[in-house]
Structure formats: structure tokens, C-alpha cells
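Accompanying notes for the structure given below.
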Amino acid sequence: KMGRKFVVGGNWKMNGDKNQINEIINTLKKGPLDPNVEVVIGVPAIYLAYVKSIVPESIGVAAQNCWKVAKGAFTGEISPAMIKDVGVEWVILGHSERRTIFGEKDDLVAEKVAHALESGLKVIACIGETLEEREGGKTEEVVFRQTKAMLPAIGNNWSNVVLAYEPVWAIGTGKTASPQQAQDVHAALRKWLEQNVSADVAGAVRIQYGGSVTASNAKELAACADIDGFLVGGASLKPEFVDIVNATQ
Ligand code: G3P
């Protein structure tokens with residue numbers, strides 16, 4: 001993992017209120033968090049400014065979605081410009097819940113990625129296959145297709161992108177990909193990037209694993225050669241998130 005700083009994201013999804021947020025931030029402040037790990041918390045839009053006002057500088061903050069233009073008549077949406085305006089530097093895009101529940105297709109995800117990067121946000125770009133696709137032997141085909149759709153959007157901005165491989169069947173199910181299953185996909189992705197982007201990008205881009213990561217499986221996953229961090233859902237709301245951040249220690 002030479003040169004790739006481990007990066008752990010906590011995706012709160014649509015969870016938390018001010019009380020719980022205060023507790024989570026206090027837990028993170030107490031840590032201690034491995035200073036060699038980049039930590040980013042993905043916060044519901046309505047709490048971004050609040051979290052920014054109480055979180056230590058050393059912890060990154062991410063929006064969980066954004067729209068593809070800076071402003072205009074898009075009721076209910078938020079733009080990368082607004083996210084930046086409240087001091088937030090990251091956005092999570094293409095999460096499987098956005099893709100499945102809200103019908104976001106590869107091309108819309110790509111447009112969002114393009115605009116977020118142009119606006120100066122860093123992007124956690126999510127990809128991953130469904131159970132049906134995995135059982136049909138289509139895992140690589142799907143994650144390559146999802147990644148390919150983002151290539152023009154990313155252009156030479158790869159240093160501002162983290163890829164999150166989240167097999168849909170592992171999300172919120174308690175069914176984690178085995179370290180071998182995750183490592184295989186991560187390695188295949190890196191190879192694909194080498195062939196379709198460049199050896200430099202393939203070597204430098206960080207690929208997170210997401211899907212039922214907990215304090216008890218994080219160490220084994222973190223030890224895999226091509227796993228450069230996690231995107232954590234449920235466990236990011238709990239004190240064990242600290243142990244997940246510290247999984248490489
Ligand atoms: O983005 C993180 C995610 O989808 C995984 O959720 O609850 O399985 O850790 P969870």
C-alpha cells in the first residue's frame with residue numbers, strides 16, 4: 001500500500017439527531033484516532049454546517065449526495081458550491097442506495113462526479129454489484145462498467161477521488177465480503193485502472209471496502225494488499241468506529 005494513506009469513511013446515512021451527533025463527535029474527539037489514517041464522516045445535509053462547527057479540523061466531513069449544477073430551480077437539492085460554502089470538502093456519490101432507491105444511473109452519477117470535482121470537492125465514488133450479479137458471475141463486469149462511466153468525469157482529477165467498493169449484498173446485511181472476496185475485486189479494479197487509465201493512477205488511488213464492516217472484521221480486511229480503507233455504515237454511529245479507524249494498528 002506504498003504511498004496510499006488509509007482512509008476510513010463513516011456514512012451515517014439518514015441517521016442521527018443533534019444529541020446523537022454530539023455523542024459521536026465526542027467519541028471521535030476522545031479517540032484516540034490513528035493519526036496516519038484519514039477519517040471522513042458522511043453527514044445528512046441538514047447537519048453539515050452543525051457538524052462542521054463542532055468537529056476537529058483533522059476529521060473530514062462529507063455530504064452524502066449533491067446535484068450536478070451550482071444553483072437554480074431544483075427544489076430540494078443541494079449543490080457542491082453550497083457544500084463548499086459551509087466548509088465541507090467531500091461528497092459521497094453513487095452510493096447503492098442512491099442508485100437503487102432513487103434510480104440514479106451510471107450517467108447521472110458521472111455528471112454529479114464531474115460537477116463536484118470541477119467545483120473543488122473531493123469525491124468518494126461508490127460502485128458494487130448486487131447479489132444477483134455476483135451469483136451470475138458478473139461482479140467484475142458491473143464494477144468495471146460503473147467505473148468506466150466515471151472516467152471522463154474524473155479526467156486527470158484522480159487525486160481527488162476515492163473509490164468505494166460496496167457489494168450491495170453486504171450493505172446493512174451483516175454479511176461481510178470475506179477478505180479474499182473483497183481483495184479479489186479490489187485487485188481486479190486496480191488492474192483494470194492500470195489498463196484503462198494509467199499505472200500511476202492504479203497505484204495511487206485508494207479503494208475502500210464497504211459493507212457490514214465492524215470492529216471484529218476490520219483488521220482482517222485492512223490487512224489485504226489492495227484494501228485502502230473502509231466506508232462504514234451502521235458501525236460508524238457507534239463507538240466501535242474508533243476501532244475500525246485504528247484497524248491497521
Ligand atoms: O456506505 C456504507 C455502507 O453502505 C455500508 O453500510 O451498514 O453495511 O456498514 P453498513
Side-chain angles (χ1 to χ4, degrees), residues 6-16 20-21 24 27-28 37-45 47-48 51 59-66 83 88 90-104 109 112-113 116 121-131 133-134 139 142-143 146-147 150 161-179 181-183 185-186 189 206-222 224 227-247:
F6 208 74
V7 55
V8 177
N11 177 7
W12 294 355
K13 308 191 179 182
M14 197 178 74
N15 293 295
Q20 193 182 0
I21 289 171
I24 294 171
T27 304
L28 293 177
V37 175
E38 186 168 5
V39 179
V40 181
I41 48 178
V43 173
Y47 295 120
L48 284 170
V51 166
I59 295 176
V61 179
Q64 299 174 5
N65 183 29
C66 68
I83 293 167
V88 169
W90 288 89
V91 63
I92 299 169
L93 290 171
H95 191 279
S96 79
E97 286 145 22
R98 299 298 319 170
R99 292 176 187 266
T100 58
I101 305 170
F102 302 100
E104 295 192 13
V109 174
K112 290 183 174 194
V113 168
L121 286 180
K122 293 181 274 192
V123 172
I124 296 176
C126 306
I127 55 175
E129 83 288 359
T130 63
L131 184 60
E133 289 163 340
R134 171 163 285 262
T139 298
V142 170
V143 298
Q146 292 169 329
T147 309
M150 295 189 275
V161 175
V162 168
L163 280 181
Y165 168 59
E166 300 205 322
V168 179
W169 48 271
I171 296 175
T173 57
K175 209 177 148 194
T176 323
S178 69
Q181 283 175 319
Q183 165 60 24
V185 177
H186 285 228
L189 269 166
R206 294 173 294 175
I207 309 177
Q208 293 173 317
Y209 167 78
S212 298
V213 175
T214 63
S216 42
N217 57 33
K219 270 189 186 294
E220 223 191 328
L221 287 159
C224 296
I227 296 182
D228 308 308
F230 301 119
L231 189 54
V232 184
S236 72
L237 301 161
K238 302 180 192 161
E240 73 179 282
F241 186 64
V242 171
D243 301 312
I244 297 173
V245 168
N246 296 336

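What's counted below: heavy atoms across the whole structure, side chains too, no hydrogens, waters or symmetry copies. Position 1 is the first residue of the sequence; numbering continues from there. Whatever order the structure lists them in is the order used to number ligands and atoms, beginning at 1.
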Are the side chain of E220 and the backbone of N217 linked by a donor-acceptor contact shorter than 3.5 Å? no

Donor-acceptor pair, distance only, cut-off 3.5 Å: does the side chain of K112 make one with the backbone of C66? yes

Quick one: do R99 and E104 make a salt bridge, cutoff under 4.0 Å? no

Could you tell me the residue and atom name of the protein heavy atom closest to [atom], and the distance to it rounded to 0.1 Å?
{"atom": "atom 6 (O) of ligand 1", "result": "K13 NZ, 3.2 Å"}
{"atom": "atom 2 (C) of ligand 1", "result": "E166 OE2, 2.9 Å"}
{"atom": "atom 7 (O) of ligand 1", "result": "G234 N, 2.8 Å"}

So if I count the atoms of ligand 1 from 1 in the order they appear, which ones are less than 4.0 Å from some heavy atom of [X]?
{"X": "G211", "value": "5 (C), 8 (O)"}
{"X": "S212", "value": "8 (O), 9 (O), 10 (P)"}
{"X": "G172", "value": "7 (O), 8 (O), 10 (P)"}

Would you say [X] has any N or O atom under 3.5 Å from an N or O of ligand 1, going by distance alone?
{"X": "L231", "result": "no"}
{"X": "H95", "result": "yes"}
{"X": "G233", "result": "yes"}
{"X": "T173", "result": "no"}

Check this for me: E133, atom CD, are more than 12 non-hydrogen atoms of other residues, nucleotides or ligands nearer than 6.0 Å? yes

Check this for me: K219, atom NZ, are more than 12 non-hydrogen atoms of other residues, nucleotides or ligands nearer than 6.0 Å? yes

Applying a strict 4.0 Å limit to heavy atoms, is A235 in contact with ligand 1? no

Does at least one non-hydrogen atom of A170 fall below 4.0 angstrom from an atom of ligand 1? yes

Heavy-atom check, side chain of L121 versus side chain of W90, under 4.5 Å: no

Take the angle between the ring planes of Y209 and F230 and call it parallel below 30°, perpendicular above 60°, tilted in between. perpendicular

Ignoring hydrogens and angles, state whether a donor on the side chain of H95 or Q64 is under 3.5 Å from an acceptor on the partner side chain. no

